[in-house]
Protein chains: 2
Amino acid sequence: MEELDERKIKILDAIIRTYLETGEPVGSRTISKYTDLNLSSATIRNEMSDLEELGYIVQPHTSAGRIPSDKGYRFYVDHLLLRKDKEISDMKEFVIEHTEKMEQVLKQVAKMLAQTTNYATMITTPKSTGGKVKFVQLSMVDEEQLLAVIVMEGNLVKNKIIPLTQELDNETLLKLNILLNSTLNGLSIPEINLGTISKLKEQAGEYSDIVGIVLDGVAETISREELEIYTSGATNIFKYPELRDTKKASELIYALEEKQQLASLVTESLQNEDTGIQVYIGDESPIQTMKDCSVVTATYELGDGMKGSVGIIGPKRMDYEKVMGHLKDLTSQLDSIFKKPT
Amino acid sequence: MEELDERKIKILDAIIRTYLETGEPVGSRTISKYTDLNLSSATIRNEMSDLEELGYIVQPHTSAGRIPSDKGYRFYVDHLLLRKDKEISDMKEFVIEHTEKMEQVLKQVAKMLAQTTNYATMITTPKSTGGKVKFVQLSMVDEEQLLAVIVMEGNLVKNKIIPLTQELDNETLLKLNILLNSTLNGLSIPEINLGTISKLKEQAGEYSDIVGIVLDGVAETISREELEIYTSGATNIFKYPELRDTKKASELIYALEEKQQLASLVTESLQNEDTGIQVYIGDESPIQTMKDCSVVTATYELGDGMKGSVGIIGPKRMDYEKVMGHLKDLTSQLDSIFKKPT
DNA sequence: ATTAGCACTCCAAAGAAGTGAGTGCTAACA
DNA sequence: TGTTAGCACTCACTTCTTTGGAGTGCTAAT
């Protein structure tokens, strides 16, 4: 054996569902009442014993009920919950329609998601890799400072103030602008390589050193992997006793606050092509401090290969069904929202 | 009586200092050894009894040592600690010199401050009231979208994408830019009133409606009270047992995460003119959930009346001396940094 | 194959007892 | 009169024990 028969599956399902609700280890008696297949607790016990041997469930200590192991959750996620319709998409529309800058939309989304799910959430700005430059402009802000504005596909606007040592008259500025625009427009970040740069410099002729400075600035601005991450609902984790322990909670919240580490979650899931939804259970997560949690991430797209990521962090016994529903909804909405000009 | 004699003051000082270090209620015996004036524990007990009656210290329960009351802390802050030199200003310089956009500087500062003090910190962007427009520019990003860039004093850059229904040729754009710049430059927000706007529209002649749209956009962008607040070190509060309680910690962190409420701290302290440093002890704080904490805020300035605020949130027994030193340092540095062009 | 019954395990909550830091008070002392 | 020593008392904390109950595994009966 290695296979689960129908009955074992039903029992496993029941165990997990019950555990999701209560957060307490679940005993044979409970299940014997819960399921439709009428079985006595003793029978359940036997089956449970099997399930434990197979590694789907675990006993925290000898005489406690069982809780799902990571493998159990995995089975649940993979096989047991693809059969249900999804949740309402409440006020999401509203929020998205009524805010403006991407940054704010994202913050809002994170917050909302945290509120509706009661888990901690995170969301990243779309990664520009593959995003194209749409428009570049330099202007003199005052005598010594140059402002570079770069607009990317998707109306992602970046600014950079560049200090100038050298004089720069209006005519030159105009020329530079034309040059920059005609060269850079339509290019994606990886396409702006050394070749492009040196060619640009060449064309700039006597102003090549200025172009150099400017390009450095521009390059830095564009390529600065500005993977902003917004989080929300960190305090939700206090709602789950199994995470409430000071040390765990502190580490978790720290991770959420620092954001740094969260990036690892994202980059990984951005690679992944298929459904776009990724589930990390316990140790599967690349972040050590989250080994007592589960993380569900999803990807949203901005058309031109710009991808961002939304994630939900909660206890292992999170309501995967609901969470995945929410995420699916959300990403599809984000997709459509960002595609039209804001 | 009502007055504290020299000896009582010394004892009170000793009590508070000891409590600040240990976090434990402090007993008579400890003090009798601590102070230079050699007194037996019994004498101290008598004095403590008096101090308690006067409301400066408090007993958590009948047979515990004493801890300072809010009034005690207040006395300490007001009278007891103005006599000491300040702390080093470690790597602050470094960080500030090496980052660029204001936003990032602020984030860095918050983080650094949290790390060096071991408390939670917050910092706001300078409030633009009084800030002047330095430079305005409109550019066509594509056929239907106009990008407005506004640079404020202090190199605060704001962008707004404005959808256009109407055609707009290059020449007109140029004219508009000149018009906008010559009119708006040097004006502070409150100075851009209806009068200015209608005058502008008039001058724009046949393009008055476009100017209208643009100005609306600009106005909205500028005046949006973008009081961003950055926080850091939320998890530091777990370092203090008296705040580690789940409920308190959760509320506190929530407040820090939500930021919303923090604004009340700031607005208040921005009014205050004198030293610029404000101390809220326990209930004195406008934020209810912080009644078990103390909050110290300071104001930094950008010359033109643009003010921002830095704050430190910690346990009541925070090291006021050090904190205030840090803040003083920091604000004076921020002041000078932001005044020169970045 | 299922179930009832029973002995056994073990956590968790509730008590019990000891410990120690701290107090208040009184009486003695300088 | 201010200071101190001494003593009985309080009360949180820790440790140990007890107890109750939920849960298991096994065996024998259905």
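Naming convention: chains lettered A, B, ... in sequence-line order (proteins, then strands); numbering from 1 in each chain.
- Neither side chain, Thr289(A) nor Tyr254(A), offers a donor N or O lying under 3.5 Å from an acceptor on the other.
- Using a 4.0 Å heavy-atom criterion, one finds that Arg29(A) contacts no nucleic acid atom at all.
- Applying the 4.0 Å criterion to OP1 and OP2 of dG22(C), one finds that Ser28(B) has every side-chain N and O outside that range.
- Contact between the side-chain N/O atoms of Arg66(B) and the OP1/OP2 oxygens of dT23(C) is found at a separation under 4.0 Å.
- Counting non-hydrogen atoms under 4.0 angstrom, Thr43(A) reaches a base of the nucleic acid.
- The shortest distance between the side-chain N/O atoms of Arg45(B) and the OP1/OP2 oxygens of dC7(D) is not below 4.0 Å.
- A centroid separation of less than 6.0 Å is found between the aromatic rings of Tyr240(A) and Tyr119(A).
- Here the side chains of Tyr76(A) and Arg17(A) are in contact, with some heavy-atom distance below 4.5 Å.
- For Thr62(B), a side-chain nitrogen or oxygen approaches OP1 or OP2 of dC11(D) to under 4.0 Å.
- Of the possible polar contacts, one joining the Glu257(A) side chain to the Gly233(B) backbone as a donor-acceptor pair under 3.5 Å is found.
- Picking from dG23(D), dT4(D), dT24(D) the nucleotide with the shortest atom distance to the side chain of Thr30(A) gives dG23(D).
- Distances from the side chain of Ser63(B) to the nucleotides dC10(C), dG24(C), dG22(C) place dG22(C) closest.
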